[in-house]
Amino acid sequence: MTGSPIGVFDSGYGGLTVLKELVKHLPEYDFLYLGDNARTPYGTRSFRVVYEYTLQAVKYLFAQNCPLIIIACNTASAKALRNIQQLDLPGLAPDRRVLGVIRPSVEKVAEITRNGRVGVLGTPGTVLSESYPIELQKWAGGTVKSTVQEACPLWVPLVENNEIENEGAAYFVKKNIQNIFLKDKDLDTLILGCTHYPLLIEQITRYVPSHVQILEQGKIVAEKLIDYLQRHPGMDTRISKTGKLRFQTTESADNFNDKATLFLGQPVSSETIHF
Ligand code: DGL
């Protein structure tokens, strides 16, 4: 790999919803997207396994010369990022950075919530990790008064099978949205805490009261990354800027290319890699 791209990692296709916004906001930057499709989904896996897989991916992306990695996957951000930042990075590559999607989302919530009552929709792994409530308290404790969560285990398979607009999807979206409003009928901000959920946005908005603000992460992560690079010019200069986009997957490249278009909105030509 030539250049020194920003690495974008996800358990599979979902992170392409984040990459899409990153490329839109930072078109001149080089990106290397890695999807661990051979081992997806992460959302139902244990802490130990998600950490182990994510660390392998981070080491791989460092070996591809990425000075900065964005973990686009909420589950990996929730279960592995802190360990990687605190335990692994100092020995592995102290001059490089690994960032996730939870902190930017939490900061955005603090900016926009009016009554401090927040809802989080995510995979079972993300919800069980309690990462969002913990991080919301830590970084937005002054404004966020309560957080309720709802695991939506069927939403990822519905999206991956392109069952986005049908009655089956409507049934499960409605059910999970109703559940979270039963937990707090007054929440005013709802975080879509999973890479796949923006693809269900039309279904979601059908069941969420119109005064509730729905946070899609791609745009937020992109805006916060711009801010981060402005505050860290030393890192910014290390990233190559030729507008190059590369895609790698741990599974079949053909399968990846087929499905990636749904998430990215443009054709993709990927290559298969092995850790
Ligand atoms: N990328 C994952 C996330 O954002 C969803 C897919 C999975 O479970 O691996 O949590």
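Counting starts at 1 for both ligands and their atoms, in listed order. Residue numbers run from 1 in the order of the sequence given.
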Report all N/O contacts between ligand 1 and the protein shorter than 3.5 Å as a table of atom names and distances to 0.1 Å; if there are none, say 'none'.
| residue | atom | partner | partner atom | Å |
| --- | --- | --- | --- | --- |
| ligand 1 | 1 (N) | Asp10 | OD1 | 2.9 |
| ligand 1 | 1 (N) | Ser11 | OG | 3.3 |
| ligand 1 | 1 (N) | Thr195 | OG1 | 2.9 |
| ligand 1 | 4 (O) | Asn74 | N | 3.1 |
| ligand 1 | 4 (O) | Thr195 | N | 3.0 |
| ligand 1 | 4 (O) | Thr195 | OG1 | 3.2 |
| ligand 1 | 8 (O) | Tyr42 | N | 3.4 |
| ligand 1 | 8 (O) | Gly43 | N | 2.8 |
| ligand 1 | 9 (O) | Ser11 | OG | 2.6 |
| ligand 1 | 9 (O) | Tyr42 | N | 2.7 |
| ligand 1 | 10 (O) | Thr75 | N | 3.2 |
| ligand 1 | 10 (O) | Thr75 | OG1 | 2.6 |

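- Ring-plane geometry between His232 and Tyr228 is classed as parallel, the angle between the planes falling under 30 degrees on a 0 to 90 degree scale with a further cut at 60.
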Can you give the donor-acceptor pairs under 3.5 Å from side chains of residues 80-87 to other protein atoms, not counting sequence neighbours?
| residue | atom | partner | partner atom | Å |
| --- | --- | --- | --- | --- |
| Arg82 | NH2 | Glu135 | OE2 | 2.3 |
| Gln85 | NE2 | Val98 | O | 2.8 |

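- Identified under the salt bridge (Lys or Arg N to Asp or Glu O under 4.0 Å) test for residues 199-216, with sequence neighbours left out: Glu165-Arg206.
- The environment of CZ in Arg48 is sparse: at most 12 heavy-atom neighbours from other residues, nucleotides or ligands sit within 6.0 Å.
- Lys241 meets the salt bridge (Lys or Arg N to Asp or Glu O under 4.0 Å) test with Asp236; sequence neighbours excluded.
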CA sep, side-chain torsions, deciding dist, call: Thr250, Asn37, side-chain hydrogen bond (donor to acceptor under 3.5 Å, both in side chains): CA-CA 6 Å; Thr250 53; Asn37 297 79; 5.2 Å; no
